[in-house]
Amino acid sequence: MKIATFNINGIKARVGALADWLDSAQPDVAMLQEIKSVDENFPRELFEERGYNVATHGQKGFNGVAILSKLPLEDVTRGLPGDDEDEQARWIEATVVGKTAIRLCGLYLPNGNPAPGPKFDYKLAWMERLQARAVDLLAAEEPAMMAGDYNVIPQPQDAASPEDWTEDALFRPDTRAAFQRIVNLGFTEAVSTRLPGPGHYTFWDYQAGAWRRNNGIRIDHILLTPQAADLMRDLGIDKEIRGYDKPSDHVPVWVDLDL
DNA sequence: ATGCCACAGCGTCTGTGA
């Protein structure tokens, strides 16, 4: 089962590029971030006509996450637990059942800039809530994954120019430590496990010729519980689509699990 | 030190992103 995560940076602007990618990559599941759409305006038909079931958790203007799946989406829940006041649409969960079941969590972690400041505080608080959910997922001792745009550069080797990011919310010590704490609970960070070493970027800014100069960063991650990691057959980053027409600034990351 | 570029929204500018 091929399961992908992709920050599409706006469904309205990405209808063509997203359809092209689905048709060529043929993921069984795609977790999408930054749909920038309310649920009513999400073009479900585009995906349903390709055989996907669709679950969305959108909001007006920005944020918003969704899951597309060729298998039925069961027990869908929306919103990251731990703060009833939080209205930002950044988290969606569903279960799909292949040979065995897997719990899928799609996430769009807050950017956090400028740091320090209230947005950075929100990011760190959100990561604490993420850690609490992660603890529960591990305790279940079942296949599960948390995939999405983490807005975290884990290590200096995950940026082409790490010196440009030292003060940035994506790379500050507090951010990296919070991410490492979650991984260290017992997850497999799939990309760095399968593709060790520098240069495996998932985001290139639209500005200043970042793609042309390969000035990228690795911020889209897949975390697997041990029971899911045991099923991993393959993993990839579809970086070539960053050079196609009307691209997102992120590219898809996918994992093939024996499910 | 700033803007570079892109997207959505009631929109010819502002907020947001990374």
Side-chain angles (χ1 to χ4, degrees), chain A residues 5-21 32-43 46 56-66 86-91 106-124 126-127 130 147-176 178-179 191 199-221 237 239 241-253:
Chain A
T5 174
F6 188 7
N7 180 323
I8 59 173
N9 189 17
I11 185 61
K12 200 168 146 190
R14 215 63 61 215
V15 162
L18 180 56
D20 289 346
W21 171 71
L32 307 179
Q33 300 90 40
E34 281 206 272
I35 64 172
K36 296 187 178 181
S37 162
V38 293
D39 296 333
E40 308 82 77
N41 292 345
F42 192 77
L46 180 72
T56 60
H57 180 39
Q59 72 178 90
K60 191 165 111 177
F62 55 106
N63 299 332
V65 289
D86 185 0
E87 305 205 333
Q88 298 196 31
R90 298 178 173 277
W91 180 268
L107 67 101
Y108 175 46
L109 204 147
N111 172 308
N113 281 306
K119 292 192 173 181
F120 190 59
D121 294 341
Y122 173 69
K123 176 175 195 157
L124 295 179
W126 203 94
M127 294 182 84
L130 176 60
D149 177 1
Y150 279 74
N151 272 316
V152 175
I153 303 167
Q155 301 292 335
Q157 69 174 15
D158 298 315
S161 304
E163 62 277 10
D164 291 347
W165 297 92
T166 50
E167 300 300 317
D168 195 281
L170 278 63
F171 193 57
R172 290 176 75 93
D174 286 352
T175 302
R176 294 170 56 196
F179 180 75
V191 177
H200 302 293
Y201 309 133
T202 66
F203 170 92
W204 294 260
D205 201 296
Y206 291 119
Q207 304 180 66
W211 168 248
R212 180 172 45 79
R213 297 164 44 211
N214 194 28
N215 184 14
I217 52 177
R218 188 172 74 89
I219 56 175
D220 298 273
H221 307 304
I237 302 172
K239 68 178 284 187
I241 74 168
R242 183 64 179 79
Y244 295 177
D245 284 344
K246 294 268 297 171
S248 172
D249 40 8
H250 296 250
V251 296
V253 181

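Residue numbers begin at 1 in each chain, while the letters A, B, ... track the order of the sequences.
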So, for Val251(A) and Arg242(A), which heavy atoms are closest and what is the spacing to 0.1 Å?
-> CG1-CB, 3.5 Å

Across the strands shown, which category fits Asp149(A) at heavy-atom distances under 4.0 angstrom: base, sugar-phosphate, nothing?
-> sugar-phosphate

Return the value, rounded to whole Å, for the distance between atom NZ of Lys123(A) and atom C1' of dA18(B).
-> 9 Å

Integer angstrom distance from the C1' of dA1(B) to that of dT12(B) = 28 Å

Contact nearer the 5' end of DNA chain B, comparing Asp168(A) with Asn41(A) = Asn41(A)

Rounded to whole angstrom units, what separation is found between the CD atom of Glu40(A) and the P atom of dG9(B)?
-> 12 Å

Candidates dC5(B), dA18(B), dC4(B) - which lies nearest the side chain of Ile217(A) = dA18(B)

Answer yes or no: does a side-chain N or O of Arg14(A) lie under 4.0 Å from OP1 or OP2 of dC7(B)?
-> yes

If we take the C1' atom in both dT2(B) and dG11(B), what is their distance in whole Å?
-> 25 Å

How many Å lie between CG on Leu109(A) and C1' on dT16(B), as a whole number?
-> 16 Å

What is the nucleic acid contact for Asp205(A), judged by heavy atoms within less than 4.0 Å: base, sugar-phosphate only, or nothing?
-> base

Does Lys246(A) make a side-chain N or O approach to OP1 or OP2 of dC7(B) shorter than 4.0 Å?
-> yes

Can you check the Lys36(A) NZ to dT14(B) P distance for me, whole Å?
-> 18 Å

Using the six-membered ring wherever Trp is involved, compare the ring planes of Tyr150(A) and His221(A) and label them parallel, tilted or perpendicular (cut-offs 30° and 60°).
-> tilted

Among dA6(B), dA18(B), dG9(B), which is the nearest nucleotide to the side chain of His250(A)?
-> dA18(B)

Phosphate contact (dT16(B) OP1 or OP2) by Tyr108(A) side-chain N/O below 4.0 Å | no

Euclidean distance for P, dC10(B) against dA6(B) (whole angstrom) = 23 Å

Give the rounded distance in Å between these two atoms: CD1 of Ile219(A) and P of dG17(B).
-> 12 Å

Residue pair Pro247(A)/Gln88(A) against DNA chain B: nearer the 5' end by closest nucleotide is Pro247(A)

Take the protein atom OH of Tyr206(A) and the nucleotide atom P of dG3(B), then report the distance between them rounded to whole Å.
-> 20 Å

Assess the side chains of Asp220(A) and Thr5(A): does a donor N or O sit below 3.5 Å from an acceptor N or O?
-> no

Which residue, Asn215(A), Asn214(A), Asp249(A), forms the side-chain hydrogen bond (donor to acceptor under 3.5 Å, both in side chains) with Trp204(A)?
-> Asn214(A)

Ile11(A) CD1 to dA6(B) P, straight-line distance once rounded to whole Å | 19 Å

Check every strand shown and say whether Asn151(A) touches a base, only sugar-phosphate, or nothing at a heavy-atom separation below 4.0 Å.
-> sugar-phosphate

State whether the number of non-hydrogen atoms from other residues, nucleotides or ligands found under 6.0 Å of Glu87(A) atom CD is greater than 12.
-> no

Scan Arg172(A) against the nucleic acid and name what it touches under 4.0 Å (heavy atoms): base, sugar-phosphate only, or nothing.
-> nothing

Using a 4.0 Å heavy-atom cut-off across all strands, classify Ala13(A) as base, sugar-phosphate, or nothing.
-> sugar-phosphate

Looking only at side-chain N and O atoms, does Arg212(A) come under 4.0 Å of OP1 or OP2 in dC5(B)?
-> no

Nearest atoms (heavy-atom pairs only) where Ala159(A) meets Tyr201(A) = C-OH, 3.7 Å

Output yes when at least one side-chain N/O atom of Asn111(A) is less than 4.0 Å from OP1 or OP2 of dA18(B), else no.
-> yes

Ignoring backbone atoms, establish whether Lys12(A) has a side-chain N or O less than 4.0 Å from OP1 or OP2 of dA6(B).
-> no

Write down the distance between CG (Asn63(A)) and P (dG9(B)), rounded to a whole number of angstrom.
-> 12 Å

For Asn111(A), the option from Asp149(A), Ile219(A), Leu170(A) that meets side chain to side chain contact (heavy atoms under 4.5 Å, CB included) | Leu170(A)

Compare the minimum distances between each of dA18(B), dC4(B), dT16(B) and the side chain of Glu34(A), then state the nucleotide with the smallest one.
-> dA18(B)

